[in-house]
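Notes for the one structure printed next.
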Amino acid sequence: MPLAATETYKNYIGGKWVQSKEGRTFEDRNPANRDDIIGIFPKSSKEDVDAAVQAARKAFHSWRLTPAPIRAEILFKAGQMLMQKKEEFAKLMTREMGKVLKEARGDVQEAIDLIFYAAGEGRRLFGQTTPSELPDKFAMSVRTPVGVCGLITPWNFPMAIPMWKMAPALVCGNTIVFKPASDTPLCAAKLVEVLVEAGLPDGVLNLIHGSGEEAGMAVLNHPDIQLISFTGSAQVGKEVALKSAEKFKRVSLELGGKNCILVMDDANLDLAVDGAVWGAFGTSGQRCTASSRLIVHKKVVKDYTEKLLERTKKLRLGDGLLPTTDVGPVINETRMKKIHEYVEIGKKEAKLLTGGSPFNEGDLAKGNFYSPTLFGDVKPSAVIAQEEIFGPVTAIIPVENMEEAFHAANQVRYGLSSSIYTQDVNKAFKAMRELETGIVYINSSTIGAEVHLPFGGTKDTGNGHREAGQTMLDTYTEWKTIYVDYSGKLQKAQGID
Ligand code: UN1
């Protein structure tokens, strides 16, 4: 494939595309072919973030007063434009972050779904009215915007996740400073271009490229940013929470996962194999929702392992743009080393069934390819069964019975997603009750959340917020409770006379 010419991109501040103040830049490369430079992007500093925050503050005055249905019209228009551009954006996403084209299409589609869902809120944003305990008095609650939101997003869903944050923030009347991952700046720039073209007023949405350490930190530390929404690792998330606490910022965190599929002895094994292949190796395992543990009843573990091993060995690594590819590259060389470190640990504590190393043959040597890796005989307490690997690696954990399966499932620090394969309705309902995750699937993999339901998890996966669904509104609004006394006299609540 001929490589396109390298373009230089800019930040977007106060309605203008501008260079970073210091003029420093960084390169964006294709993880399937590191020789392919996708673009040159500004490496922003605190000064750039300051300018973006100033623009966002200024725009907030009029944006918060723009009626929500009118704000929503811009989102509807952007959604329609995204539909037109779906194929183009999916292709550039695959080139920029590696996921296979059909999954990149799904990522763009998730952004489209979310923007339409959030736009619908322009004519809802419901509050409550309720009787007052006093005569001639009216009581209600309304949602009001929070202010300037700092949105810090990851590379693994480079369009869906930014949209999970931007669309609700905008419809609720907030303004934005958006700092996307430095591995996927182009996807971010394309989303911003669409929103701007759809009619967002200057300063409502500002885009700052750069590193987490510098630009991300400046967003976190800025006193005029009222809300931080961050998706990334638990380690960084903790720092985000601590820093934000110093300035009493509202923080919504979407962090790691160590998600499991439970396979009971009555499960449809072929279906459970399909779920594991999709959940563990889709997006090369680089999803917070990836199925990185397969907790299997001893009665079926041998059969299940054989079936899954056969399927895993058949997976074809390659450039995600090729229709023959099942599994694309991982995002960068640093991540690949990290994945391999975990696999080396796994080799000492469990049985490696297939994979277990980077794949450097032929053309693929130019990319960050890691062989789909399956471990058997893994103990629930093993490092590879406890820590988030974020790569194409999964672990089969044999268990004696359902109680042991629930125990193993919950014996991790994270609580994002889980699933059970069983044909017994009683077991299914027990799993719905016992699994300590924010999302539970029955007879389906751990991935595939839909935008109109809450997304997020328990324990170290976050801090109690949920993205998407109606719950997204709670992140991006403050409740204001209003009492209107039309009695013309002083009335006291709680029966005081
Ligand atoms: C993530 O991995 O960070 O449920 C998000 C899913 C997708 C979203 C994943 N709809 O796997």
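In listed order, ligands and their atoms are each counted from 1. Not measured: the values here are computed from a predicted model.
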When you pair each N or O of ligand 1 with protein N or O atoms, which pairs come out under 3.5 Å?
| from | atom 1 | to | atom 2 | distance (Å) |
| --- | --- | --- | --- | --- |
| ligand 1 | 2 (O) | C288 | N | 2.7 |
| ligand 1 | 4 (O) | G448 | N | 2.9 |
| ligand 1 | 4 (O) | A449 | N | 2.7 |
| ligand 1 | 10 (N) | E110 | OE1 | 3.0 |
| ligand 1 | 10 (N) | E110 | OE2 | 3.0 |
| ligand 1 | 10 (N) | A449 | O | 3.3 |
| ligand 1 | 11 (O) | R287 | NH1 | 2.7 |
| ligand 1 | 11 (O) | T289 | OG1 | 2.8 |
| ligand 1 | 11 (O) | G448 | N | 3.3 |

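Side chains of E103 and T283: a donor-acceptor N/O pair is present below 3.5 angstrom, by distance only. For the 3.5 Å distance criterion, the side chains of N33 and R95 fail to qualify, holding no donor opposite an acceptor. For the 3.5 Å distance criterion, the side chains of T354 and K313 fail to qualify, holding no donor opposite an acceptor.
Using the six-membered ring where Trp is involved, Y370 and H340 have ring planes that are tilted, between 30° and 60° apart.
Residues passing the ring pair (Phe, Tyr, Trp, His ring centres under 6.0 Å) test with F76, sequence neighbours excluded: none.
Although no hydrogens or angles enter the test, the distance criterion places no donor-acceptor pair under 3.5 Å between the side chain of K379 and the main chain of E349.
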